[in-house]
**Student:** 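I'd like to ask some things about the structure below.
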Amino acid sequence: MGAFRSDLREYVQHVRALHGGGETSALAFVAGLRYPLAYGKPIWTGSRTIIEGHERFEFAPGGVMRVGLGSFGLSTKHDSSVVRVHPEGRLRCEGVVSLQRGVRVVVDSGLLQLGHGVNINGFAKILVRERVSIGEHCTISWNTQIMDNDFHPIVVDGVQQPQSAPVVIEDHVWIGAGAIVLKGVTIGEGAIVAAGAVVTRDVPAKAIVAGSPAKGVGTADTWS
């Protein structure tokens, strides 16, 4: 009960701030109470949100998902967020996770694992068939795409290629606006993926990569 009250206080603060800017409504506030009150899930929404498969959301102790509660820039109150977890999939929050308005998250099967402090910005898309893991304090920028599968079988020289492979994004990674992360890659701790980059192979820790396909262009001492 103590955790619920704390989450509720924060939720009210976020909604008040958004309401002052005309970014949310009383109806959205009431709708945002549905998941914690009716289903016992710490999912708090501050704008139009479609959630399917809430029973397949898992939360570590202290875990919370906040959808559409951040300050907004490119999105409007008419934009919706979508989080779908199909029957063969799972979504697990390891801590406090923020999804901004306009995100599209679909877990067809397998696991989407989100670490504490993850922030996924508006219009980002994450599609999971096997496994996507995003570590602590990662920032996923506007219009990014993260996919662990090709959606179509591909045959090369008579050999069918694997259609899906896990994506692992380690702690404190920044993925820039419009970047694409494809199946089977690991992005090391502290790395930065530049805006518009297409990541097709592993990225070392603290590396800065850019281009299509993404290649190393420097080393990041830190970012914040």
**Student:** Please determine whether residues Val67 and Val97 belong to a single hydrophobic cluster, defined as Ile, Leu, Val, Met, Phe, Trp and Tyr linked transitively by side-chain heavy-atom distances below 4.5 Å.
**Tutor:** yes

**Student:** Between Val128 and Val185, is there a shared hydrophobic cluster once you connect ILVMFWY residues whose side-chain heavy atoms come closer than 4.5 Å?
**Tutor:** yes

**Student:** Pick from Leu99, Thr49, Ile50: which one makes a side chain to side chain contact (heavy atoms under 4.5 Å, CB included) with Val82?
**Tutor:** Ile50

**Student:** Would you check if Val132 and Gln113 make a side-chain contact, meaning some heavy-atom pair closer than 4.5 Å?
**Tutor:** no

**Student:** Given 3.5 Å as the limit, does a donor-acceptor pair link the side chain of Asp202 with the main chain of Thr186, or not?
**Tutor:** yes

**Student:** Under 4.5 Å between any side-chain heavy atoms of Tyr39 and Arg34, yes or no?
**Tutor:** yes

**Student:** Under 4.5 Å between any side-chain heavy atoms of Leu74 and Trp142, yes or no?
**Tutor:** yes

**Student:** For the residue pair Trp44 and Leu33, what are the closest heavy atoms and their distance?
**Tutor:** CZ3-CD2, 3.8 Å

**Student:** Any chance CD of Glu88 has more than 12 other-residue heavy atoms, nucleotides or ligands included, within less than 6.0 Å?
**Tutor:** no

**Student:** Give me the atom names and distance for the closest heavy-atom approach of Pro204 to Ala191.
**Tutor:** O-CB, 3.7 Å

**Student:** Would you call Lys183-Glu130 a salt bridge at under 4.0 Å N-O?
**Tutor:** no

**Student:** Strictly distance-based, threshold 3.5 Å: is any side-chain N or O of Gln161 a donor or acceptor partner for the main-chain N or O of Val159?
**Tutor:** yes

**Student:** CG of Leu69 to OG of Ser47: how many Å apart, nearest 0.5 Å?
**Tutor:** 7.0 Å

**Student:** Would you indicate whether the side-chain heavy atoms of Gln163 and His152 approach each other to under 4.5 Å?
**Tutor:** no

**Student:** Taking all non-hydrogen atoms of both residues into account, name the closest pair between Val96 and Gly62 and its distance.
**Tutor:** CG2-O, 4.1 Å

**Student:** For Gly190 and Ala220, work out which heavy atoms get closest and say how close.
**Tutor:** O-CB, 4.3 Å

**Student:** Considering non-hydrogen atoms only, spot the tightest contact between Glu94 and Gly115 and give its length.
**Tutor:** CB-CA, 4.1 Å

**Student:** Quick check against the 3.5 Å criterion: does Asn149 have a side-chain atom that pairs as donor or acceptor with the backbone of Phe151?
**Tutor:** yes

**Student:** Considering all heavy atoms of both residues, which atom of Val193 and which atom of Val199 are nearest to each other, and what is their separation?
**Tutor:** CG1-CG2, 3.7 Å

**Student:** Step by step, work out the side chain to side chain contact (heavy atoms under 4.5 Å, CB included) result for Val106 and Ile126.
**Tutor:** CA-CA 6 Å; Val106 178; Ile126 301 176; over 6 Å; no

**Student:** Measuring from Ile187:CD1 to Ile192:CD1, what's the distance to the nearest 0.5 Å?
**Tutor:** 12.0 Å

**Student:** Under a 4.5 Å cut-off applied to non-hydrogen side-chain atoms, are Leu112 and Arg131 in contact?
**Tutor:** no

**Student:** Check whether any side-chain N or O of Ser81 sits under 3.5 Å from a backbone N or O of Gly102 as a donor-acceptor pair, and report yes or no.
**Tutor:** yes

**Student:** Check whether any side-chain N or O of Tyr11 sits under 3.5 Å from a backbone N or O of Thr45 as a donor-acceptor pair, and report yes or no.
**Tutor:** yes

**Student:** Quick one: pull up CD1 in Ile175 and CD1 in Ile180 and give me the separation to the nearest 0.5 Å.
**Tutor:** 11.5 Å

**Student:** Report the distance from atom OG1 of Thr139 to atom CG of Asn119, rounding to the nearest 0.5 Å.
**Tutor:** 5.5 Å

**Student:** Are Leu91 and Tyr35 linked, directly or through intermediate hydrophobic residues, by side-chain heavy-atom contacts shorter than 4.5 Å (ILVMFWY only)?
**Tutor:** yes

**Student:** Tell me, do Thr200 and Val198 make a side-chain contact under 4.5 Å, heavy atoms counted?
**Tutor:** yes

**Student:** Could you tell me the separation between the CD1 atom of Ile43 and the CG atom of Asp7, rounded to the nearest 0.5 Å?
**Tutor:** 12.0 Å

**Student:** Going through the checks in order, is the side chain to side chain contact (heavy atoms under 4.5 Å, CB included) test met by Glu170 and Glu136?
**Tutor:** CA-CA 7 Å; Glu170 296 182 351; Glu136 294 186 355; over 6 Å; no

**Student:** When rounded to the nearest 0.5 angstrom, what distance separates NE2 in His172 from NE2 in His137?
**Tutor:** 9.0 Å

**Student:** Taking the inter-plane angle between the rings of Trp174 and Trp223 on a 0 to 90° scale, is it parallel (under 30°), tilted (30 to 60°) or perpendicular (over 60°)?
**Tutor:** tilted

**Student:** With no hydrogens and no angle check, is any side-chain donor or acceptor of Lys41 less than 3.5 Å from a backbone partner on Phe57?
**Tutor:** yes

**Student:** Carefully, step by step, assess Asp171 and Val173 under the rule side chain to side chain contact (heavy atoms under 4.5 Å, CB included).
**Tutor:** CA-CA 6 Å; Asp171 295 346; Val173 169; over 6 Å; no

**Student:** Report yes or no: does Asp148 contribute a side-chain atom to a donor-acceptor pair with the main-chain N or O of Ser164 at less than 3.5 Å?
**Tutor:** no

**Student:** Is Val107 reachable from Ile120 through a run of I, L, V, M, F, W or Y residues, each pair having side-chain heavy atoms under 4.5 Å apart?
**Tutor:** yes

**Student:** Could you go through the side-chain hydrogen bond (donor to acceptor under 3.5 Å, both in side chains) check for Ser80 and Arg48 one step at a time?
**Tutor:** CA-CA 5 Å; Ser80 298; Arg48 295 184 184 182; 4.6 Å; no

**Student:** Are the side chain of Ser212 and the backbone of Ala197 linked by a donor-acceptor contact shorter than 3.5 Å?
**Tutor:** no

**Student:** Is Lys206 paired with Glu189 through a side-chain N to carboxylate O contact shorter than 4.0 Å?
**Tutor:** no

**Student:** Run the side chain to side chain contact (heavy atoms under 4.5 Å, CB included) check on Val105 and Leu127 step by step: do they pass?
**Tutor:** CA-CA 6 Å; Val105 175; Leu127 296 101; over 6 Å; no

**Student:** Test your reading of the model: is there a side-chain donor-acceptor pair from Arg56 to the backbone of Val85, 3.5 Å cut-off?
**Tutor:** yes

**Student:** Are Leu114 and Met65 side-chain neighbours, meaning at least one heavy-atom pair lies under 4.5 Å?
**Tutor:** yes

**Student:** I'd like to check Val181 versus Thr144 (side-chain heavy atoms, cut-off strictly below 4.5 Å). Are they in contact?
**Tutor:** no

**Student:** Would you check if the side chain of Arg101 reaches a backbone N or O of Thr76 as a donor-acceptor pair within less than 3.5 Å?
**Tutor:** yes

